[in-house]
Amino acid sequence: MSPLSRWFPFLSWPRPDAQLLRGEAVAALTVAVVMIPQSVAYAGLAGMPLVTGLYATFLPALLSVLFSASTRLSVGPSALSSVLVGASLAGMAQQGSAGWVSLAVWLALLAGALQFAVGATRSAWVLNLVSSPVLAGFSQAAALLIIASQLPALLGLEGSLDQLLHSPRIDLQALAYGTVSLAVFVLARRFAPRFPIMVVVLAAAGALAFATGYSQHGAVVGPLPQGLPSPYLPHWPGWEQFSTLLAPALVLALVSSLEMASSAKIENQRDGRRWDANQDLVGQGVGKLASAFSGAFATSTSFSRSALTLYAGARTGWATVFASGFVLLVLLFLTPALSHVPKAVLAAVVVAAVSSLFKPRVFAELWGIDRVEAATAAATFAVTLLSAPRIYWGVLTGVLLGLAYFLYLRLHPRIIETGLHPDGSLRDRHLWKLPPLAPQLFALRMDAELDFASSSDMERAIVEHLAAHPDVRHVCLFAQPINRIDATGVEMFRQLRKTLKERGVTLHISGIKLPVERVLQRAGVLQPDPLLKMYRTDNEALHAFGTLREDEVLPEPTSAEDAPDSAPAR
């Protein structure tokens, strides 16, 4: 790939012909009939004027695909990004007001700039800060909050929260529109998943509301501006409000990036290509910036719409170009028709789309994999719910817990005393109740890097064993798992050699990796000495101890042999 094509991936798109364009247009229409009603509904979820949902679907999707390596990502409003926008701005301005729109634009600018900078500097590794359990806990809580926020409109409940608790009023017509629409969406998802049910329901509901006069007095979308968005420049919100947007922008960028990753990985695996995460982050950043300058809110990648794009047979980015064209037609000619659609139907669109995110069984699955990660997911879930509307604190809490657990594992490496298992492999001697490899020998293995985080534990394990077993005359380190050593590790190794030499104990090192050996050689701590023995393989070491007969060979380790050692038994 040329350097120019790396920055402008659309230059590598296949030259279109009639057959390709025909197929891409059909796939784009399939996606557009789902994307357009969802975008309008998600704008309400973000507290924005409903037409900005279409603005966030037009130029952002087009520009994002031009700069993305994955060409079939459906970029536009998504449920998680929209609820994050609405929750982040709660209390800072009135929903739908000019101040709210300006703050939403700043949020999109900040999140987009972050993603663009991360992708442009080839730093996609920062996505690893958010683990799968954190995203699972947040998405489950966000799904519940989204559904709860849509229930009043879906059920036709009128008035403030206090009025709903004491003297609820119900708009029966809105209740009928909402519940019937939701039932139709659920049935269509099960029995006719490819049918464009959302557009059909919106059109039918709008026509019925107009014919019955409900659009004159009921809760409907109302007039929407017709035409293309005008270039938008937000006013400066002041340092206090600007600083308040920094944490939500960071969370929005992380969540949006992970939404993108889940879709992009599937697309690239399907095509047998290597995923260029950095370039896709550039595309996501460009999409958010385009949305901001259109006067809209932060976009993201919709997993369901991206899957639908693949399912509909889209092959290139030309499908997104056609989909943007369909959105353009709606903006130019069809926004008046949307004005008659009841808001209860839009609420049904959101609930139907978000209900697929709520999968409580994910907590049970995580519990079966790792209880600490399950607890991290549960904590993220709880903090997200309890911190509403500032739900971004849930993600930040989960990230901190995940990093704390990672540091705990790094600071407490797995160190075992090894023994020879009957199957010929070296395993945890105490876990499997194995005899020592040889008399007066302490043989150990550390499954970690020998650095500042692990070196003290390794030194402590050896010194404590020598104190408890003064008859030990040999210490053997099976060093194959150690693939890196730092200055702290070298200093510990130097001190260990000194301690063993004072006690007259011989140090045996088996299977040390060349990069580690070179560092130790440069540090001068592997000088020839009668009390230092080096073995290239574990077989050589075991033969030297007399553990194996001359005609025996230790089997090569496999990934399955250490499976029973998953619990650190020291």
Side-chain angles (χ1 to χ4, degrees), residues 6-10 46-48 52 55-70 73 75-78 80-89 92-93 99-130 229-261 264 276-302 390 392 395-396 399:
R6 185 175 73 83
W7 285 101
F8 305 101
F10 62 90
M48 295 287 287
T52 60
Y55 295 165
T57 310
F58 174 46
L59 281 179
L62 181 60
L63 292 180
S64 179
V65 75
L66 294 178
F67 290 89
S68 295
S70 304
L73 299 178
V75 174
S78 74
L80 289 182
S81 63
S82 298
V83 75
L84 270 172
V85 171
S88 300
L89 304 182
M92 300 178 68
W100 183 280
V101 172
S102 179
L103 290 172
V105 167
W106 275 109
L107 193 59
L109 286 172
L110 290 171
L114 279 172
Q115 285 185 300
F116 184 89
V118 169
T121 56
R122 321 302 288 176
S123 303
W125 53 266
V126 299
L127 300 185
N128 297 329
L129 290 174
V130 182
S230 302
Y232 184 91
L233 292 176
H235 64 80
W236 175 245
W239 282 110
E240 183 178 354
Q241 285 193 320
F242 182 80
S243 60
T244 305
L245 295 176
L246 295 179
L250 174 61
V251 173
L252 181 59
L254 285 173
V255 172
S256 173
S257 298
L258 292 172
E259 284 189 300
M260 174 271 295
D276 189 349
N278 292 297
Q279 190 60 46
D280 281 345
L281 282 172
V282 169
Q284 292 290 305
V286 169
K288 285 183 175 59
L289 296 177
S291 185
F293 290 122
S294 299
F297 53 101
T299 57
S300 187
T301 298
S302 168
R390 306 293 188 217
Y392 51 84
V395 175
L396 294 177
V399 169

Can you confirm whether [X] sits close enough to [Y] that some side-chain heavy atom of one is under 4.5 Å from a side-chain heavy atom of the other?
X	Y	result
F297	V105	no
V85	L89	yes
S78	T301	no
L73	M260	yes

Could you check whether any side-chain N or O of [X] sits under 3.5 Å from a backbone N or O of [Y], counting only pairs where one atom can act as donor and the other as acceptor?
X	Y	value
R122	N278	no
T52	M48	no
K288	A298	no
W100	G47	yes

>> For the residue pair S294 / S291, report whether a side-chain donor-acceptor contact shorter than 3.5 Å exists.
In response: no
>> Does either side chain, that of S68 or that of Q279, offer a donor lying less than 3.5 Å from an acceptor on the other one?
In response: no
> Quick one: side chain to side chain donor-acceptor pair (under 3.5 Å) partners of S64, sequence neighbours excluded?
Replying inline: none
>> Checking S300 now: which residues fulfil side chain to side chain donor-acceptor pair (under 3.5 Å) with it, not counting sequence neighbours?
In response: S256, E259
What is the minimum heavy-atom distance between [X] and [Y], and which atoms define it?
X	Y	value
V101	G295	CG1-O, 3.7 Å
P234	W106	CB-NE1, 3.5 Å
S257	L281	OG-CD2, 3.3 Å
A264	D280	CB-OD2, 3.7 Å
T299	P60	CG2-CB, 3.8 Å
V126	V118	CG2-CG1, 3.7 Å

Could you give the distance from [atom1] ([X]) to [atom2] ([Y]), rounded to the nearest 0.5 Å?
X	Y	atom1	atom2	value
L254	Q115	CG	CD	8.5 Å
L103	L107	CG	CG	8.5 Å
L62	F58	CG	CZ	6.5 Å

>> What verdict does the side-chain contact (heavy atoms from CB on, under 4.5 Å) test give for L233 and F293, after you've listed the backbone C-alpha separation in whole Å, the side-chain angles of each residue and the deciding distance to 0.1 Å?
In response: CA-CA 6 Å; L233 292 176; F293 290 122; 3.9 Å; yes
Validation: residues 236-252 side-chain donor-acceptor distances under 3.5 Å, sequence neighbours left out:
{"residue": "Q241", "atom": "NE2", "partner": "M92", "partner atom": "O", "Å": "3.3"}
{"residue": "S243", "atom": "OG", "partner": "W239", "partner atom": "O", "Å": "3.0"}
{"residue": "S243", "atom": "OG", "partner": "E240", "partner atom": "O", "Å": "2.8"}
{"residue": "T244", "atom": "OG1", "partner": "E240", "partner atom": "O", "Å": "2.8"}

> Stepwise, does the side-chain contact (heavy atoms from CB on, under 4.5 Å) test hold for L66 with F8?
Replying inline: CA-CA 7 Å; L66 294 178; F8 305 101; over 6 Å; no
> Which of these passes side-chain contact (heavy atoms from CB on, under 4.5 Å) with V286: L59, L63, V75?
Replying inline: L63
> Stepwise, does the side-chain contact (heavy atoms from CB on, under 4.5 Å) test hold for V395 with V399?
Replying inline: CA-CA 6 Å; V395 175; V399 169; 4.2 Å; yes
